[in-house]
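Single-structure report; data block below.
The shown structure was predicted, so the numbers you read here are calculated from the model rather than taken from an experiment. Reckoned from all heavy atoms, side chains included, excluding hydrogens, waters and symmetry mates.
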Amino acid sequence: MYEVPKKPWAFLDAWRGKKFTGEWPTLPEMFEITAERFPDRNCLTVFEAERITLTYRETLAAIRKLAGWLVAHGVKKGSHVAVSGKNSSEWAIVYLSVLYAGGTIIPIDYGLHDYEITSLLKTAKPLFFFVDAEKYEYFLTESKKQSFMGEIYALNAQYPDRYVYQLEAEALSTYIPVQETDTAAILFTSGTMGHPKGVMLSHKNIVSDCYIAQSNLTIFETDIFYALLPIHHSYTMVAVFIEAISVGAEIVFGKSLVVSRMLRELKEGKITMLLGVPLLFNKLLAGIMKGVRSKGVLVYGIIRLLMGISYLVKKTTGKNIGKTLFKSVLEKANLTTLRIAISGGGPLSKDVFRAYNEFGIDFVQGYGLTETSPIIALNPKEHFKIESVGRYFSPYMEMKILDPDENGRGEICVKGPMIMQGYYNMPEETAEVLSEDGWFRTGDIGWLDSEKYLYLCGRAKNMIVTP
């Protein structure tokens, strides 16, 4: 039987009553605690022509400066500010600064068409919209015709007069107080099978999920997270960005899925935490196996045998011998510093899951939805089950199977502090999935084993999930 570790967030008790008074800190309170604990640790890193890194102390100064500008220009508690762009330190600074100013952040998918972004802005009605270089000119022009877009500002230094780092005002000495139950972010779902819904997540939703997820996976201030997938998505936003700053870890922002750039950033960034979707891990593994096959049939056969032995040892003894056995293979793939790889966002082949573990990489699967902030199940690396998407976070949340059939399969329902507040301005749609007593219907079909591990079987409703 797998035992749940002690609360990883127990250290917060030393700050309770000093830095925060609620059950959970708000996101600004959480960042303040981390910046006080680890002021000189690296916080945000990006590789451009050269490596650019901000420490937690420097990041806090940038946040307070922009938050001061936002407050001076009308942002107050509950104000909407939108951001859309490639993964970057500027994106992260905007996100946190809006929360420091007491506002609500609206992260928008940069991959959407201009008209789709316009539609979301019409719904959100932000005071300001921070956007990256490729779309800046278009929205600057459109904002003069459409007042609902708010004022347009740039995430890129290409537009210095409206560049986020050039906005000058008296810095805030501290954040504008908000409650943990206030809405921190509104995340719009893709709307592939209908109208996009704005998922309202409170500070408590995001912060509780961030720390509770650590009950199934220990992370450290020495970890280095790779933010490669789009950061507007709840998966990267919480499981990479917020998780990292909750413990004082570093975030390296990847801006491209081009393999050569990705491999360089993995090596130069000394990445320890790689979170991705199945497509990413499939591509990475295909590259590794291509290199193994190029050694010839005999060497390939020997390596496959050793992979099997490595997996058997890991499952029966818990010892990871793969990192030693396959050191040269991992070096070529720039994965020697990698400590954990986590796959989410879609079904992953059992063969792929197993192969990474055979090579000595602690590889686990997770499960969640935007409406659940998003993580509600994760495989502990000490006791993973290859067929399962993970163990749900009992006793910190509840999960049940609604109307199970003779095999125990039914709709997955969850209840806990990470469940959304509802859909923005959509009370009827909210009532369809969220009961008055807090149970959320996921729309996914699954079953639970005796150790509270979740197994997915399909969808209760039609939905399209793209790679």
Side-chain angles (χ1 to χ4, degrees), residues 27 70 73-86 91 94-95 97-99 101-132 134-155 178 181-203 205-206 230-238 369-374 419-434 440 443 461 463-466:
L27 284 156
L70 290 168
H73 288 77
V75 171
K76 52 185 182 291
K77 186 175 177 180
S79 296
H80 290 181
V81 177
V83 60
S84 186
K86 297 185 288 292
W91 193 103
V94 169
Y95 183 102
S97 298
V98 171
L99 301 179
T104 299
I105 188 70
I106 318 287
I108 294 178
D109 184 353
Y110 196 56
L112 292 176
H113 295 294
D114 292 342
Y115 72 88
E116 292 173 305
I117 293 177
T118 300
S119 176
L120 297 183
L121 292 172
K122 190 173 184 178
T123 299
K125 296 180 175 59
L127 279 180
F128 300 103
F129 179 32
F130 291 85
V131 66
D132 229 328
E134 294 87 351
K135 297 179 184 287
Y136 174 81
E137 295 282 2
Y138 173 83
F139 283 104
L140 184 64
T141 302
E142 286 298 304
S143 69
K144 294 168 184 173
K145 310 172 194 172
Q146 311 279 7
S147 61
F148 61 77
M149 288 185 178
E151 291 187 46
I152 310 301
Y153 287 86
L155 293 175
V178 295
T181 51
D182 288 330
T183 303
I186 300 175
L187 277 64
F188 285 96
T189 59
S190 64
T192 310
M193 291 296 288
H195 297 296
K197 299 183 182 76
V199 177
M200 298 186 294
L201 299 179
S202 68
H203 289 267
N205 289 153
I206 295 170
I231 197 171
H232 76 274
H233 193 281
S234 61
Y235 179 36
T236 310
M237 188 188 82
V238 176
L369 302 92
T370 303
E371 291 91 338
T372 60
S373 300
I419 303 304
M420 69 167 181
Q421 297 174 303
Y423 296 120
Y424 182 64
N425 287 345
M426 299 177 88
E428 291 181 6
E429 288 82 352
T430 299
E432 286 179 11
V433 296
L434 190 58
F440 173 69
K461 298 172 250 180
M463 186 178 76
I464 295 171
V465 178
T466 66

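In this structure, the side chains of V94 and F128 stay at 4.5 Å or more apart for every pair of heavy atoms. Proximity of Q146 to K122: side-chain heavy atoms (C-beta onward) are nowhere separated by under 4.5 Å. Residues L99 and H203 form a side-chain contact, since some pair of their non-hydrogen atoms from C-beta on lies under 4.5 Å apart. At least one side-chain heavy atom of E371 sits less than 4.5 Å from a side-chain heavy atom of Y423. The closest side-chain heavy-atom distance from M237 to I206 is below 4.5 Å. The side-chain heavy atoms of H80 and I186, taken from C-beta on, include a pair separated by under 4.5 Å.
Note: H233 and Y235 have perpendicular aromatic rings, judged against thresholds of 30 and 60 degrees for the angle between ring planes. Using a 30° and 60° split on the angle between ring planes, F130 and Y153 fall in the tilted class, from 30° to 60°.
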TODO: Go through V98 and I106 one step at a time and tell me if the side chain to side chain contact (heavy atoms under 4.5 Å, CB included) criterion holds.
DONE: CA-CA 10 Å; V98 171; I106 318 287; over 6 Å; no
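Note that CG of L70 is 9.0 Å distant from CG of L127, once rounded to the nearest 0.5 Å. To the nearest 0.5 Å, atoms OG1 (T430) and CE (M420) are separated by 5.0 Å.
With sequence neighbours excluded, the residues forming a salt bridge (charged side-chain N to carboxylate O under 4.0 Å, His left out) with K135 are D114, listed by chain and number. Evaluation of the side chain to side chain donor-acceptor pair (under 3.5 Å) rule for D182 yields K77 as partners, not counting sequence neighbours.
Between Y95 and the choices I105, V81, I231, the side-chain contact (heavy atoms from CB on, under 4.5 Å) rule is met once, by I105.
Side chain to side chain, T118 and E142 fail the donor-acceptor criterion of an N or O pair below 3.5 Å.
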